[in-house]
Amino acid sequence: MKNVETTQRNATRNQSTVDFERKNLFLFGNRYSEAIFKNDTGAELVATAGILVMRDVNDVTKVIPATYNVPPESGNLLGNTIGILNVEGENTLSIAGEINCNVCISGDIDAGLLSLPVGVTLNTVVGTKILKDILTDLGFVLFNVTENSKFDN
């Protein structure tokens with residue numbers, strides 16, 4: 001995901017100031033697999049890059065969002081994560097909607113740009129591990145990238 005956001009400010013006559021902010025989820029050495037992303041959440045879903053995915057056991061050619069339920073015995077499936085969704089932009093999927101996608105299966109990522117389920121952090125316990133360890137075991141190197149741009153001139 002390469003995301004460049006712009007904000008125009010101080011627009012007067014023939015001059016203006018534009019701030020550019022660049023965000024990259026996938027940083028270096030990433031490997032991908034093609035798949036079909038299926039919305040199995042039971043509600044409309046906005047699919048964006050950074051969602052953790054797991055294999056759909058009913059159709060192994062498809063991936064679905066990895067979920068987190070409390071208490072864990074009620075169906076905590078983050079431990080089944082196989083990668084990170086990579087799609088362009090925001091894709092609104094209806095219930096059972098599908099899109100073609102790439103799944104990042106390893107490489108360097110900016111962990112701050114992951115789209116984790118509500119209540120989940122990289123330190124959330126999943127079974128006998130924390131989520132950060134699960135991603136590391138898959139081959140991800142997690143970085144916390146700090147944006148040092150200065151916009152207030």
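In this text the structure is predicted, and so the values were computed from the model without any measurement. Note: hydrogens, waters and symmetry copies are ignored here, and every other heavy atom, side chains too, is used.
For residues 103-122, there are no salt bridge (Lys or Arg N to Asp or Glu O under 4.0 Å) pairs, not counting sequence neighbours. Applying the salt bridge (Lys or Arg N to Asp or Glu O under 4.0 Å) test to residues at least two apart or on different chains, none of the pairs has a partner in residues 114-127. Among residues at least two apart or in separate chains, salt bridge (Lys or Arg N to Asp or Glu O under 4.0 Å) pairs with a member in residues 93-102 are Lys62-Glu98. A side-chain hydrogen bond (donor to acceptor under 3.5 Å, both in side chains) check over residues 48-57, counting only residues at least two apart or in different chains, returns nothing.
Listed by chain and residue number, nothing satisfies the salt bridge (charged side-chain N to carboxylate O under 4.0 Å, His left out) test with Glu44 (two or more places apart in sequence, or in another chain). The salt bridge (charged side-chain N to carboxylate O under 4.0 Å, His left out) check on Lys132 picks up nothing, with sequence neighbours excluded. Residues satisfying the side-chain contact (heavy atoms from CB on, under 4.5 Å) test with Thr41, not counting sequence neighbours, are Asn39, Ala43, Leu45, Pro65. Contacts of Thr128 classified as side chain to side chain donor-acceptor pair (under 3.5 Å), with partners at least two apart in sequence or in another chain: none. Take Ser106 and apply the side-chain contact (heavy atoms from CB on, under 4.5 Å) test, not counting sequence neighbours, and it matches Arg31. Listed by chain and number, the residues in a side chain to side chain donor-acceptor pair (under 3.5 Å) with Asn100 amount to none (sequence neighbours excluded). Take Ala47 and apply the side-chain contact (heavy atoms from CB on, under 4.5 Å) test, not counting sequence neighbours, and it matches Phe37, Leu85, Asn91, Leu93, Ile99.
Across Ile51 and Val46, no two heavy atoms sit closer than the pair CD1-O, 4.1 Å. Contact record, Ala111 with Asn144: CB-OD1, 3.8 Å, taken as the closest heavy-atom pair.
Partner of Val120 under the side chain to side chain contact (heavy atoms under 4.5 Å, CB included) criterion, chosen from Val118, Leu122, Thr124: Thr124. With respect to Met54, the side chain to side chain contact (heavy atoms under 4.5 Å, CB included) criterion is satisfied by exactly one of Leu78, Ile64, Thr81: Ile64.
One finds a salt bridge joining Asp137 and Lys129 here, because a Lys/Arg side-chain nitrogen approaches an Asp/Glu carboxylate oxygen to under 4.0 Å.
The distance from atom CG of Leu138 to atom CG of Asp133, rounded to the nearest 0.5 Å, is 11.0 Å.
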